[in-house]
Colleague: 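Before I ask anything, let me first share the structure, which is written out below as structure tokens.
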Amino acid sequence: MTRFEAKETMSDLLTEITRAVMEGKFEWTATLTEKALREGLSAKEILDKGLMPGMDCVGEAFQRAEIFVPEVLLSARAMQAAMDVLKPQLAESGAKMIGKLVIGTVQGDIHDIGKNLVAMMIKGAGFEVFDLGNDVSPEVFVQAVREHKPDIVGMSALLTTTMRAMERTIRALKEAGLRDHVKILVGGAPVTSEFAEQIGADAYCSDAVVARETARRFVSA
Ligand code: B12
């Protein structure tokens, strides 16, 4: 096989992964992801060029009301199945702990794929990660900060209607006297750096890689 043919096969495989996510075939998505790793593709490449384009297409189709929540859930499950396969690569362990992160999807919001990805990446950078899950109230964030004393708090919101819960959480941290003990990272599709600044967060990150770099920077500063 020539080098060119080999490359073509790789990109076919990524296209197949995209299609498997769109069709919500979770076992098939995981199998193809394993195959891609075996064939030498990096976890990042599989994520960026295989899985994410699939979720993007699903999001667009959902927006156009061509598909509905059950189909989106199947795709989300396929994405999660692939992320479970990629977990060891994304979170190469063995590194010493360089800091602590408390992370969650804010109150009223159950989207957790992006948050899980960020948690995995930051864990891979050597952080101890306390994942509070989704639909996390300001009180639960406050309690977790008291208990775990993290360096960083990460909040995710995917809905324009739940972005305000980030602001309420920051207010609750202030009222509990904990705000100044942590750096606050926010992210999620509708969030912007302007919004982050407006609510008093320390940084907005557009994706998991930026989140990992920002987290590293915060603990080394
Ligand atoms: C999957 C999905 C669902 C699944 C969620 C499953 C799950 N376990 O997460 C289900 C079907 C449950 C769902 C439900 C709903 N959804 Co929905 N969903 C999506 C979809 C298609 C993909 C989201 C996703 O997982 N993307 C992939 C991940 C990897 O990307 P990401 O989340 O953006 O995360 C990255 C960055 O944003 C960043 N990041 C994310 N979080 C954080 C946190 C920190 C700290 C940092 C630093 C960075 C960071 O890094 C991540 C990795 O790179 C989006 C469309 C889209 N393309 O975004 C709609 C979307 C978010 N959903 C939408 C809607 C309207 C809903 C519902 C209200 C639908 C309904 N009528 O019931 C419900 C809401 C339920 C609720 N209360 O939360 C709208 C939101 C519109 C809006 N602006 O408010 C969207 C945009 C679809 C659309 N175009 O209309 N949804």
Side-chain angles (χ1 to χ4, degrees), residues 18 21-22 24 26 29 43-44 46-84 86 90-91 99 101-125 127 129-137 141 144 150-166 169-170 182-193 195-196 199 201-218:
T18 304
V21 170
M22 287 165 67
F26 58 95
T29 309
K44 186 171 184 319
I46 298 170
L47 251 180
D48 291 349
K49 298 181 186 162
L51 300 166
M52 291 296 282
M55 272 329 270
D56 285 345
C57 288
V58 168
E60 284 156 23
F62 182 58
Q63 206 165 18
R64 293 192 298 265
E66 288 166 10
I67 58 166
F68 300 97
V69 171
E71 286 103 317
V72 179
L73 268 181
L74 283 178
S75 294
R77 198 168 157 202
M79 173 99 187
Q80 192 63 54
M83 274 161 54
D84 287 344
L86 297 179
L90 291 173
L101 167 81
V102 159
I103 189 166
T105 300
V106 295
Q107 192 164 43
D109 203 320
I110 61 165
H111 294 88
D112 63 1
I113 298 175
K115 181 266 296 166
N116 293 346
L117 200 49
V118 171
M120 258 185 231
M121 286 292 233
I122 294 187
K123 197 170 180 185
F127 280 76
V129 174
F130 301 93
D131 187 344
L132 309 179
N134 57 40
D135 190 12
V136 181
S137 67
F141 271 107
D151 305 280
I152 302 172
V153 172
M155 288 188 269
S156 179
L158 265 283
L159 298 171
T160 40
T161 49
T162 56
M163 285 163 71
R164 288 288 157 198
M166 290 179 160
T169 305
I170 295 179
V182 292
K183 292 283 190 190
I184 297 179
L185 285 186
V186 291
V191 181
T192 60
S193 46
F195 180 75
I199 64 170
D202 295 295
Y204 154 76
C205 304
S206 57
D207 63 41
V209 174
V210 178
R212 183 186 60 192
E213 294 320 310
T214 309
R216 274 194 180 132
R217 190 159 42 79
F218 278 154

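Since we're looking at a predicted model, the values are computed, not measured. Both ligands and their constituent atoms are indexed starting at 1 by order of listing.
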Colleague: For Phe218, give me all partners under side-chain contact (heavy atoms from CB on, under 4.5 Å), at least two apart in sequence or on another chain.
Modeller: Ile152, Lys183, Leu185, Asp202, Ala203, Thr214
Colleague: Taking 4.0 angstrom as the limit and counting only heavy atoms of Ala208, give me the atoms of ligand 1 inside it, by number and element.
Modeller: 50 (O), 52 (C), 53 (O)
Colleague: Would you check if the side chain of Asp135 reaches a backbone N or O of Gln107 as a donor-acceptor pair within less than 3.5 Å?
Modeller: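 Such a contact is absent between Asp135 side chain and Gln107 backbone.
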Colleague: Is Leu117 touching ligand 1 with its side chain, its backbone, both, or neither, if touching means heavy atoms under 4.0 Å apart?
Modeller: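 Contact part for Leu117 vs ligand 1: side chain (C-beta onward).
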Colleague: Which is it for Pro190 and ligand 1 at heavy atoms under 4.0 Å: side chain, backbone, both or neither?
Modeller: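 Looking at Pro190 and ligand 1, no heavy atom falls under 4.0 Å.
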Colleague: Select one of side chain, backbone, both or neither to describe which atoms of Ala203 lie under 4.0 Å from any atom of ligand 1, heavy atoms only.
Modeller: neither
Colleague: Can you list the atoms of ligand 1 that are under 4.0 Å from a heavy atom of Met55?
Modeller: 1 (C), 22 (C)
Colleague: Which option wins on minimum heavy-atom distance to atom 47 (C) of ligand 1: Ser206, Cys205, Ser156?
Modeller: Cys205
Colleague: How does Gln80 reach ligand 1, by side chain, by backbone, by both or by neither, if only non-hydrogen atoms under 4.0 Å count?
Modeller: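 Answer for Gln80: neither.
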Colleague: Short of 2.8 Å from atom 17 (Co) of ligand 1, name each protein N/O/S atom, waters not counted.
Modeller: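 Hits for atom 17 (Co) of ligand 1 below 2.8 Å: His111 NE2.
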Colleague: Quick check: does any side chain N or O of Thr192 sit under 3.5 Å from a backbone N or O of Phe195, one acting as donor and the other as acceptor?
Modeller: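 Looks like yes, one N/O pair under 3.5 Å.
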Colleague: Does the protein place any heavy atom closer than 4.0 Å to atom 85 (C) of ligand 1?
Modeller: no
Colleague: Within the distance-only criterion (no hydrogens, no angle test), does the side chain of Ser75 pair as donor or acceptor with the backbone N or O of Val21 below 3.5 angstrom?
Modeller: yes
Colleague: Does any N or O in the side chain of Thr105 come within less than 3.5 Å of the main-chain N or O of His111, such that one atom is a donor and the other an acceptor?
Modeller: yes
